[in-house]
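Input: a single structure, listed below in structure tokens.
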Amino acid sequence: MTDQTPDNTQLFLTAAMPCPYLEGRTERKLFTHLTGRRASALHHLLSDNGFRRSQNLIYRPACEGCNACQSVRIVAGDFAPSRRFRRVLNSNSDIAITVRPTAATSEQFELFKRYLDARHVGGGMTQMSFQDYEYMVEDTPVQSVLVEYRLRDHPDQQLIAVALTDVMPDGLSMVYSFYDPELTHRSLGTFLILDHIAQVRSANLRYVYLGYWVENSPKMAYKAHFQPLEVQRGPLGWVPLQPQR
């Protein structure tokens, strides 16, 4: 298998598709494959330049006349939880957290399907089979883990959330997460991010990579509340993102 390096990496451009974040716009993505022994090094290099991994691909938006999608990361060492975040942590103090290898299970898939059916009605992922889910989780050329969250005091140690996470030299990158859609009072999406911040800090690393933030997209607004937050601005590199008012 040929090893990829920054000098020999081929980048490809997708066809235009409807933008999932901004109505009336289209998106295109620049992407390449992660293969060979240097996949992890290339993954980190491209992630530092605003790319995101999906299975064995790594991509970045390349939309004509639009740069609304911007990669963001939390500076974990400087993060101080607000009163609201402390309430979320307290509300979920009964959760047991286990870090596992990237091996798909039927229990995870059942939770995954319930999450998609409740939160992403009509989305393409709702048609995924167990084999598709298995491929999403296990087809990774870099160091990845599954973080499982269970109710510690539940008789069956009920699985209520899962995060697929890449382990980076400088932190953790949250690739995809899902949780029990009926437990809205727990704010599990927020809790998973707070837990990743804690994991990064305990490992003496620096960042939690959250993927793309779109300023005018309501579904992305939550990311701006995790301050201090840095945004990747191309030639300027990573710069602080001011808190949203």
Side-chain angles (χ1 to χ4, degrees), residues 4-34 39-76 78-79 119-120 122-125 136 142 163-166 168-177 189-190 192-193 196-197 200 206-245:
Q4 284 187 297
T5 67
D7 293 333
N8 69 11
T9 298
Q10 274 191 302
L11 294 173
F12 305 91
L13 189 64
T14 66
M17 300 282 290
C19 176
Y21 305 117
L22 299 176
E23 188 175 354
R25 299 194 187 184
T26 58
E27 70 166 359
R28 301 186 76 180
K29 294 176 181 176
L30 198 64
F31 73 95
T32 191
H33 297 268
L34 292 171
S40 291
L42 183 64
H43 176 225
H44 183 239
L45 174 68
L46 293 180
S47 294
D48 197 44
N49 285 274
F51 281 70
R52 290 284 290 171
R53 184 184 73 83
S54 177
Q55 297 172 340
N56 64 356
L57 299 177
I58 191 164
Y59 68 91
R60 185 183 71 186
C63 309
E64 186 174 351
C66 179
N67 62 353
C69 292
Q70 300 183 47
S71 188
V72 291
R73 65 187 185 187
I74 303 166
V75 185
D78 296 333
F79 176 79
R119 298 295 298 268
H120 298 281
M125 293 180 73
M136 181 184 86
V142 300
L164 173 61
T165 301
D166 288 345
M168 312 281 283
D170 58 358
L172 297 175
S173 177
M174 299 184 70
V175 177
Y176 194 82
S177 58
T190 296
L192 266 58
I193 296 174
H196 277 66
I197 294 172
V200 165
R206 300 188 65 187
Y207 304 111
V208 176
Y209 291 82
L210 288 184
Y212 294 112
W213 170 74
V214 181
E215 184 174 8
N216 296 317
S217 172
K219 67 174 67 174
M220 292 288 192
Y222 72 93
K223 296 183 181 183
H225 298 297
F226 292 88
Q227 295 288 335
L229 196 70
E230 293 182 344
V231 58
Q232 221 287 341
R233 291 273 166 82
L236 297 177
W238 293 92
V239 299
L241 180 68
Q242 298 303 315
Q244 301 298 291
R245 297 185 182 278

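Not counting sequence neighbours, the partners of Thr165 by the side chain to side chain contact (heavy atoms under 4.5 Å, CB included) test are Val145, Val147, Ala163, Leu172, His196. Not counting sequence neighbours, the partners of Tyr207 by the side chain to side chain donor-acceptor pair (under 3.5 Å) test are Arg73. Not counting sequence neighbours, Tyr59 has no partner by the ring-ring contact (aromatic ring centres under 6.0 Å, His included) test. For Phe226, the ring-ring contact (aromatic ring centres under 6.0 Å, His included) criterion is met by Phe85, not counting sequence neighbours.
Taking the side chain as every heavy atom from C-beta outward, Met220 and Leu210 never approach each other to under 4.5 Å. Considering only heavy atoms from C-beta on, Ile58 stays 4.5 Å or farther from Leu42 through its side chain. A 4.5 Å side-chain heavy-atom check between Met168 and Asp170 finds at least one atom pair inside the cut-off. Within the 4.5 Å cutoff, side-chain heavy atoms of Ser71 are placed close to those of Trp238. A 4.5 Å side-chain heavy-atom check between Leu241 and Trp213 finds at least one atom pair inside the cut-off.
A donor-acceptor contact shorter than 3.5 Å links the side chain of Gln232 to the backbone of Gly234. The main-chain N or O of Val142 is never found under 3.5 Å from a side-chain atom of Ser40 such that the two would form a donor-acceptor pair.
Note on residues 51-61: pairs passing salt bridge (Lys or Arg N to Asp or Glu O under 4.0 Å), not counting sequence neighbours, are Arg53-Asp166.
Distance check, rounded to the nearest 0.5 Å: CZ of Arg206 to CD1 of Ile74 gives 14.5 Å. Rounded to the nearest 0.5 Å, atoms NE2 (His44) and CG (Asn49) are 10.0 Å apart. Within the model, atoms CE of Met174 and OH of Tyr209 stand 14.5 Å from one another, a figure rounded to the nearest 0.5 Å.
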Can I get a per-line list of side-chain donor-acceptor pairs under 3.5 Å for residues 12-29, giving both atom names and the distance, sequence neighbours left out?
from, atom 1, to, atom 2, distance (Å)
Thr14, OG1, Lys29, N, 2.8
Arg28, NE, Thr14, O, 2.8
Arg28, NH2, Thr14, O, 3.2

Step by step, would you call Phe79 with Val208 a side chain to side chain contact (heavy atoms under 4.5 Å, CB included)?
CA-CA 11 Å; Phe79 176 79; Val208 176; over 6 Å; no
Evaluate Phe51 against Thr32 for side chain to side chain contact (heavy atoms under 4.5 Å, CB included), listing each step before the verdict.
CA-CA 10 Å; Phe51 281 70; Thr32 191; 5.6 Å; no
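Here the closest non-hydrogen pair linking Leu236 and Val239 is O-CG1, 3.9 Å.
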